[in-house]
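Each remark here refers to the structure printed beneath this line.
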Amino acid sequence: MSDKYDVIVIGSGPGGYVAAIKAAQLGLKTACVESWTSIDGKSQVLGGTCLNVGCIPSKALLEISHKFEEASHDYEMQGIIAKDVKIDIAKMMERKSGIVKQLTGGIAGLFKANGVTSIYGHGKLLANRQVEVTDKDGKTKTYEADNVIIASGSKPIEIPPAPMTEGYIFDSEGALEFDEVPKRLGVIGAGVIGLELGSVWARLGSEVTVLEAQDTFLPAVDQQIAKDALKHFRKQGLDIVMGGRVTGAEVKRKLVNVSYEDSKGKQELKVDKLIVAVGRRPYTDNLLAADSGVNLDERGFIFVDDQCKTEAPGVWAVGDVVRGPMLAHKASEEGVMVAERIAGQKPQVNYDCIPNVIYTSPEVAWVGKTEEQLKKEGEAYKVGTFPFAANGRAMAANSASGMVKIIADEKTDRILGFHVVGPQASETVAQGVIAMEFGSSAEDLALTCFAHPTLSESVHEAALAVNGGAIHIANRRKKK
């Protein structure tokens with residue numbers, strides 16, 4: 001088989017494997033390079049961080065732990081008696097691993113069905129769109145392509161005050177492999193990853209303390225939503241310390257002693273295990289030869305334009321390794337866009353309509369502008385909110401926490417932001433994404449018929465509330 005391809009993709013995560021499949025579907029001879037191996041080191045594993053140690057395994061653990069918490073604490077009030085509920089951690093991990101294996105194997109099947117050639121090894125971009133692949137035995141082979149798509153993803157950020165220590169201090173990937181429930185768990189970082197992992201182990205019985213260096217909780221989230229979420233998380237038992245800057249962590253007598261400073265001065269926390277979840281950085285280790293023509297920006301991301309072109313002709317980059325939010329679905333959309341552009345089409349990702357989700361309970365999800373952003377920009381806007389506490393379906397499901405919030409332009413009524421904290425927020429936010437993608441107004445949603453009883457009726461009511469017409473809550477009095 002020839003070593004020349006129309007497209008070579010480096011990385012098989014959500015950006016890479018989707019780009020490879022789409023390119024092949026468009027008639028382009030395509031190969032995908034991946035270095036990830038199975039735990040035993042014997043076989044190549046596709047899917048990247050998301051499928052192997054990110055989105056999928058974490059959601060499996062979140063789902064299982066949520067069911068355990070419901071059975072342990074919430075069933076009795078609904079007339080279901082389930083005494084002495086126990087969790088089998090080994091079985092839980094087996095379930096998680098099974099889901100991962102099924103999905104990663106599914107990508108291999110999709111590659112075969114679409115004619116994508118899978119190449120094992122570490123890919124490195126050389127000059128003139130050549131890709132050097134080093135296999136697990138250290139042997140190298142060079143391939144050529146008319147176009148190269150870099151989708152190398154990201155890796156957890158490590159911090160000097162809390163170095164990884166086997167059995168005691170873990171990154172977000174290691175936190176998915178605990179073999180027992182720690183009695184006391186510390187988490188550094190109250191972002192998406194820290195809150196999700198903290199929630200998993202808190203539901204299973206850990207005393208969880210989350211240390212966040214910033215003074216504002218979830219600063220990227222609309223603050224009305226963020227404050228409501230924080231209230232619920234603390235009510236669930238998560239001890240979230242804001243302004244807690246970690247200065248050191250060391251293992252003594254089989255405990256992790258964490259030193260940090262907050263508004264009260266120097267503090268110390270003793271935990272059985274510590275998770276460092278302060279974010280991720282682009283993975284560019286040994287990825288680019290000096291003469292590849294691809295440049296990094298000041299933050300270490302590969303520099304690209306709005307269509308994901310790098311400064312090297314015929315070289316593209318997508319996903320976590322480029323600017324923008326590190327989200328699997330954003331990476332996938334960029335992968336499709338690039339493949340279609342290589343094939344001569346002219347698509348464009350609408351970066352204003354990329355949804356964000358935190359899969360806690362309640363879930364937090366949003367798309368578009370926050371009130372804080374609009375105030376800073378000096379834009380005139382109006383707001384409509386509706387609480388799930390007034391939604392019949394949420395009450396029946398014993399999940400009546402949170403709200404839907406819609407922000408619209410004061411003059412045009414066009415939806416500028418859509419924010420949810422509550423049950424199935426990850427699903428509900430899609431309604432906001434679709435509405436904004438089509439340039440809808442709040443009135444468009446208000447005039448739409450929603451099924452009853454559903455959680456989505458809260459979207460309808462929030463849209464009605466934007467213009468003072470909500471039915472199932474008292475509306476704000478209009479200013480005269």
Side-chain angles (χ1 to χ4, degrees), residues 1-35 46-48 50 107-108 110-119 121 123-133 141-153 282-284 287-289 291-297 301-324 327-351 353-354:
M1 183 178 287
S2 172
D3 295 333
K4 174 71 185 295
Y5 292 88
D6 296 321
V7 178
I8 292 179
V9 182
I10 300 177
S12 70
Y17 86 75
V18 169
I21 289 172
K22 177 54 68 173
Q25 289 175 345
L26 293 168
L28 301 168
K29 183 182 178 183
T30 306
C32 185
V33 181
E34 179 55 70
S35 62
L46 302 174
C50 178
I107 297 175
L110 290 170
F111 273 8
K112 184 177 180 180
N114 288 281
V116 176
T117 300
S118 190
I119 301 173
K124 182 177 183 179
L125 180 68
L126 309 179
N128 301 315
R129 298 180 300 282
Q130 292 185 315
V131 177
E132 178 187 84
V133 180
K141 185 174 182 178
T142 301
Y143 301 83
E144 296 181 27
D146 293 328
N147 289 273
V148 175
I149 303 173
I150 300 172
S152 53
Y283 186 85
T284 56
L287 176 69
L288 306 168
D291 60 352
S292 67
V294 174
N295 297 308
L296 305 181
D297 66 18
F301 292 88
I302 291 177
F303 181 79
V304 293
D305 63 12
D306 290 343
Q307 290 76 44
C308 292
K309 293 180 185 175
T310 71
E311 294 175 311
V315 180
W316 314 70
V318 303
D320 287 5
V321 79
V322 303
R323 79 288 177 270
L327 299 169
H329 45 280
K330 174 256 196 186
S332 294
E333 291 302 309
E334 288 178 332
V336 170
M337 174 180 71
V338 168
E340 290 178 343
R341 283 189 167 269
I342 290 172
Q345 300 177 24
K346 301 295 181 182
Q348 176 62 53
V349 173
N350 182 356
Y351 288 101
C353 288
I354 303 292

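Legend: residues meeting salt bridge (charged side-chain N to carboxylate O under 4.0 Å, His left out) with D297, ordered by chain and number and at least two apart, are absent. For E334, the salt bridge (charged side-chain N to carboxylate O under 4.0 Å, His left out) partners are R323, K330, not counting sequence neighbours. Scored by the salt bridge (charged side-chain N to carboxylate O under 4.0 Å, His left out) test, K124 finds no partners at all (sequence neighbours excluded).
With E34 contributing its side chain and G11 its backbone, the two residues share no donor-acceptor pair below 3.5 Å. For S332 (side chain) and A328 (main-chain N/O), a donor-acceptor pair under 3.5 Å exists by modelled atom type. Using a distance-only test at 3.5 Å, with no hydrogens or angles considered, a donor-acceptor pair links the side chain of T310 to the main chain of V315. In this structure, R341 contributes its side chain and P347 its backbone to a donor-acceptor pair below 3.5 Å. The backbone N or O of V148 sits nowhere less than 3.5 Å from a side-chain atom of R129 that would complete a donor-acceptor pair.
The closest side-chain heavy-atom distance from C32 to S12 is below 4.5 Å. For the pair I149 and I10, the minimum side-chain heavy-atom distance is 4.5 Å or more. Side-chain atoms of Y143 and K4, non-hydrogen and from C-beta on, never get closer than 4.5 Å to each other. Contact annotation: the side chain of D6 never approaches that of N147 to less than 4.5 Å [non-hydrogen atoms, C-beta and beyond]. Counting heavy atoms from C-beta outward, N295 and E311 have side chains that approach closer than 4.5 Å. Contact of the N128 side chain with the D291 side chain is not registered, since no non-hydrogen atoms from C-beta on lie closer than 4.5 Å. The shortest side-chain heavy-atom distance between V18 and V336 falls under the 4.5 Å cut-off.
Across every non-hydrogen atom of Q348 and M337, the tightest pair is CA-SD, 3.8 Å. Of all the heavy atoms in L287 and S152, the pair that sits closest is CD2-OG, 3.4 Å. Heavy-atom minimum distance, G123 versus V131: CA-CG1, 4.3 Å. Taking each heavy atom of G121 and V133 in turn, the nearest pair found is CA-CG1, 3.7 Å. Smallest separation of non-hydrogen atoms from A151 and G15: CB-C, 4.2 Å. Between I107 and G47, the shortest heavy-atom distance links the atoms CD1-CA, 3.6 Å.
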query = Would K29 and V7 satisfy side-chain contact (heavy atoms from CB on, under 4.5 Å), going step by step from the backbone distance to the final call?
reply = CA-CA 6 Å; K29 183 182 178 183; V7 178; over 6 Å; no
request  = Before giving the answer on side-chain contact (heavy atoms from CB on, under 4.5 Å), spell out for I21 and F111 the whole-Å C-alpha distance, their side-chain angles and the decisive distance to 0.1 Å.
outcome  = CA-CA 7 Å; I21 289 172; F111 273 8; 3.9 Å; yes
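Once rounded to the nearest 0.5 Å, the distance linking OH of Y17 with CG of L46 reads 10.0 Å. Taking CG from D3 and OG1 from T117, the interatomic distance works out to 10.0 Å, rounded to the nearest 0.5 Å. Remark: Y5 OH to I119 CD1 distance equals 4.5 Å, nearest 0.5 Å. Note that CH2 of W316 and CD of Q307 are 8.0 Å apart. Values are rounded to the nearest 0.5 Å. From T284, atom OG1 reaches atom CD1 of I150 across 9.5 Å, with rounding to the nearest 0.5 Å. Rounded to the nearest 0.5 Å, atoms CG (L126) and CG (L288) are 10.0 Å apart.
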